[in-house]
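Below: the structure, in structure tokens.
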Amino acid sequence: MRKKGQRKVGKKPFKRMRKSSFNKIQKKFDVFHEEIDHFNNYESLTLDISDPEIVSVSDNESSDDEPIYKVDVDKTNHKSIPEVVDHRENKINKNGDGIKEDHLGLNNDFIPFSESDSEEYENNENDNNELEILSVSHKQISIKHETYSRRTTNEEFPWLLNHDHSRQRDISKWITLEMKDFISYISPSREEIEIRNKTIQKLRKVVRRLWPDSTLHVFGSYATDLYLPGSDIDCVITSKTGNKEHRSYLYELARYLKSNGIGKQIEVIAKARVPIIKFVDVDSDLHIDVSFERLNGIEIAKIIRTWLHETPGLRELVLVIKQFLKSRRLNEVHTGGLGGLSIVCLVYSFLHLHPRLRTEDIDARENLGVLLMDFFELYGKNFSYEKVALSFQDDIPTYIPKSHWRALPPSRSSLTLAIQDPLDVSNNISRSSYNVSGIKKAFSGAFNIISNKCYELNQATFKDRVGKSILGNIIKYKGDARHFKDERELVENRAIVENEVYHMKRSRSVLDLEKNEDMFLNPSDDELLTGGQDELSIYRVSEPAKKKQRRNVTEIADIPKKKKKKIKKKPENITKLIPKGAPSKKIDELMGIEDDDDINDNDTIMIKENDDSANPPRESTLQSTRVDAQTRRDYWLSKGQTLASVSISKKNT
Ligand SMILES: Nc1ncnc2c1ncn2[C@@H]1O[C@H](COP(=O)(O)OP(=O)(O)OP(=O)(O)O)[C@@H](O)[C@H]1O
Ligand SMILES: [Mg+2]
């Protein structure tokens, strides 16, 4: 029940802002970018059809990974990049002539869509070719997109099938609805979940047969429910002896998978920082990654599920952004793209720090379109990759100056992404994503495209709107037709269930350990995975909570009291920032947009001064940096308010 004075969440997506304040804060974007060169399309709604950005991949830092040793690679399913390029050129020759240009529909962000015919990952062996594809000439891209825009069927954006939102007057709602259609389209059916479940059960048996002291755990996107239809399954094998990471065992497993007809396209990557085996499961055609003797993936899966539970909109945004990057082949870490974990961290941090969400001024699920645009604008135009890092220390997402992250290794390029591993402050999880330049340009281009498309559709007659897609201008989906069946409620995701049971049993073991120090905790023990049915059935996948809730860990696992206390602890400053049931006028106060701009430094602390990752400061020593906190605040507010004025001015036209 809504309290008196409390804002009705989700009903009023935008809010007007005083012009004097708006002009003032427009000048303060220092935290996020150095050069004030970003032109906000929302501001004047002029049609920007000549984005001067052309992709040039400048920071070709090599990946951490060392050479790949192949056991057996079935080439038949692999498409090399040159083939892709040729394919594109053929299309240009066939379709390039005499087509009237429609710049708005051309996906003219200069990061082309990948031309792969299926949603399956292509095993790109030549990074240089990947770069070649990104730097394809402007002319080629324009012509290619003419080809793209001429397709009138829903073949590349099939989530439109029977979902026409052209009658929607509010364009931001239109994008939101389209995003929901997309999510529903790509979410797994009962059959798909069952296939994944069977695959992991089979693989666990296989590993047990080969090494009786070992077991297989699942982590990554299957264990977090953030997988796309073509996503791999990430597994880790742990053993009582703890020695399975040795290269002789990697080859032994690879040979076993091959000789027993379990895997094809098997690659052993033995010399990498994290040695792995990659293969395709023969029965399901699913891509499998196997690592060894490392528990951090199992830990982070649990943390991400907690984030999902408490952050409405996180799953939707992550999946759309994953598909967006995948459409451009910018999602593969070995070619400098952004991996799944980095995407989750970026989006979680973005949602957690978004002022209008923090103050419960808008409902994330009802404003997915606006949030997607905010995300693209922040990480495509305004974010200072050179100076700012993302931190999740003490379970709280913050921005910290890169210079304060002592353990961050120096980088050859300043344009790098620095995301602290939520489990290990010394680990930059995005260190291998060397193509930040390409990623940033793709985000920036997407922002331009969508905002222009919104403007165009807002002006268009009903006739011209019918059958149009907004999202289809920035993502595409190729692959077998799907049926809009999100059946996650109907069947258990075993990876999630097993991960919950693992954590629950481990917590109990830790409790027992506290009582009896002689007890031995072996995380590889199958006992941790194979709880009784009663226990398993508790952990069905549930929709994330509608209202923001901080960790409600007791529902999920019996965590020791000490740990519970630590997780629930919230610094005073953060509590101040999120008053319960904050009335909407609080936004002005909290975000410092009063005309007299009288801001109390202690209201918000987002950027930690003297932050030292290796030696985290005590809470009492945390200070807000006046300029940084304020400019950040101003930035976000200007975003919301600019959108508001657009919405209002659109309504008036
Ligand atoms: N740089 C890293 N540092 C620490 N852990 C990592 C890193 N990269 C990947 N991982 C671990 O590996 C897991 C799987 O990574 P992956 O790139 O397959 O992403 P994903 O979340 O499974 O997304 P996708 O659906 O694209 O496969 C992550 O969830 C994380 O636990
Ligand atoms: Mg994965």
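First listed ligand is number 1; within each ligand, the first listed atom is number 1.
Interface atoms of ligand 1 facing Ile300, defined by a heavy-atom separation under 4.0 Å, are 31 (O). Taking every heavy atom of Asp232 and a limit of under 4.0 angstrom, the matching atoms of ligand 1 come to 18 (O), 27 (O). Applying the 4.0 Å criterion to heavy atoms of Gly297 picks out, from ligand 1, the atoms 31 (O). Interface of Ser231 with ligand 1, defined as ligand atoms under 4.0 Å from a residue heavy atom, comprises 24 (P), 25 (O).
Any protein N/O/S atom under 2.8 Å from the Mg ion (ligand 2) was counted, giving 2 altogether.
If you look at Asn427 next to ligand 1, the close heavy atoms, those under 4.0 Å, all belong to the side chain. Looking at Tyr222 against ligand 1, nothing comes within 4.0 Å, counting heavy atoms.
With hydrogens and angles left out, the side-chain atoms of Ser430 and Asn428 include a donor and acceptor closer than 3.5 Å. Donor-acceptor pairing under 3.5 Å is recorded for the side chains of Thr238 and His217.
Annotation: cation-pi geometry satisfied between Lys244 and Tyr249 (NZ/CZ under 6.0 angstrom from ring centroid, within 45° of ring axis).
The CG atom of Asn435 lies 9.0 Å from the NZ atom of Lys441; values are rounded to the nearest 0.5 Å.
Under a 4.0 Å heavy-atom criterion, Lys322 is in contact with ligand 1. Using a 4.0 angstrom heavy-atom cutoff, Ile429 counts as in contact with ligand 1.
Considering only residues two or more places apart in sequence or on other chains, Lys402 meets the salt bridge (Lys or Arg N to Asp or Glu O under 4.0 Å) condition with none of them. Here Phe484 pairs with His163, Tyr185 under the ring pair (Phe, Tyr, Trp, His ring centres under 6.0 Å) rule; sequence neighbours left out. For Phe182, the ring pair (Phe, Tyr, Trp, His ring centres under 6.0 Å) test picks out Trp159, with sequence neighbours left out.
Checked by distance only, ligand 1 and Asp234 come closer than 3.5 Å through their nitrogen or oxygen atoms. The shortest N/O to N/O separation between Asp421 and ligand 1 does not fall below 3.5 Å.
A ring-centre distance under 6.0 Å is found for Phe375 and Phe350.
Within 6.0 Å of atom NZ in Lys180, more than 12 heavy atoms from other residues, nucleotides or ligands are found, so the atom counts as buried in its surroundings. Residue-environment remark: NZ (Lys205) stays at or below the threshold of 12 foreign heavy atoms within 6.0 Å. Atom CD of Gln201 has more than 12 heavy atoms from other residues, nucleotides or ligands within 6.0 Å.
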